[in-house]
Amino acid sequence: GGVDSMTLAHVAHSVLGQRARMVHAMSPAVPPLATARVREHSARAGWRLDLVDAGEFDDPRYRANPVNRCFFCKSNLYGTISGMTKGIIASGTNTDDLGDFRPGLQAAQQWQVVHPYVEAGLDKAAIYLLAGDLGLADLAALPAQPCLASRVETGIVVTADDLAFVDHVETLLRADLGTSATVRCRITHAGVIV
């Protein structure tokens, strides 16, 4: 539901039409607003869209929230998608992501996921420009949208209730500060930080 994946979905649909299949994972780690955004864009553009539960909350390794939690999340996601299609799986990873610690990229490699933005040499700024050029003003103005589990400090068990709390706090703050504000609530060993 963020700018990277949504812009990629629009490009894929414009090139491949109904041969492109968009998959959006619904999970406690995905804000309901992101799912609503995906549904709205899909309805407007006519995407072939599947909403799935990738099953990461069924994986105790993910819920334990180790430093490589994203590996388990993406492994579950790509495994679910792979079970749905024999087609190529593409992600919205961009060149800026390559400089960060991204365990999900290891999972992507294991599932042979392709990264069109990386292959094209596009960074996050270029994706924002692309979204604007495509007339996707809402995406071009969208702050970064990392999953809600990224707000839980490593080693604290990830629970659906905690993620719902984080989403609720961030939603209230955005209502006060404006929808384009970057707002983050963090659950730490010391407590909740906003």
Going by heavy atoms in the side chains, are [X] and [Y] under 4.5 Å from each other?
X      : Y      : answer
Val118 : Leu98  : yes
Val3   : Gln145 : no
Arg44  : His41  : yes
Pro31  : Leu148 : yes

Contacts of [X] that satisfy side chain to side chain contact (heavy atoms under 4.5 Å, CB included) - sequence neighbours left out:
X      : answer
Pro146 : Ala144, Ser150, Arg151, Arg184
Thr80  : Val52, Ala54, Met84
Ser5   : none
Ala9   : Met22, Trp47

How many angstroms lie between [atom1] in [X] and [atom2] in [Y], if you round to the nearest 0.5 Å?
X      : Y      : atom1 : atom2 : result
Leu163 : Ile187 : CG    : CD1   : 7.0 Å
His24  : Thr35  : NE2   : OG1   : 3.0 Å
Asp138 : Glu40  : CG    : CD    : 6.5 Å
Thr7   : Leu139 : OG1   : CG    : 5.0 Å
Trp111 : Ser75  : CH2   : OG    : 7.5 Å
Leu122 : Asp96  : CG    : CG    : 10.0 Å

List for me each residue that meets side chain to side chain donor-acceptor pair (under 3.5 Å) alongside [X], sequence neighbours excluded, and say none if there are none.
X      : answer
Asn68  : none
Asn65  : Arg69
Asp53  : none
Thr154 : none

Output side-chain donor-acceptor pairs under 3.5 Å for residues 101-110, partner residues at least two apart or in another chain, one line each.
{"residue": "Arg102", "atom": "NH2", "partner": "Asp97", "partner atom": "OD1", "Å": "3.0"}
{"residue": "Arg102", "atom": "NH2", "partner": "Asp100", "partner atom": "OD2", "Å": "3.2"}

Nearest non-hydrogen partners of Ser91 and Thr93, listed with the distance: OG-OG1, 2.9 Å

Listed once per pair and sorted, the salt bridge (Lys or Arg N to Asp or Glu O under 4.0 Å) pairs that draw on residues 113-132, sequence neighbours left out: Asp4-Lys124

Pairs where residues 72-94 contributes a residue and the test salt bridge (Lys or Arg N to Asp or Glu O under 4.0 Å) is met, not counting sequence neighbours: none

Which residues share a salt bridge (Lys or Arg N to Asp or Glu O under 4.0 Å) with Asp50, sequence neighbours left out: Arg21

Phe71, Phe72, Phe57 screened by ring-ring contact (aromatic ring centres under 6.0 Å, His included) with Tyr62, the one that passes: Phe57

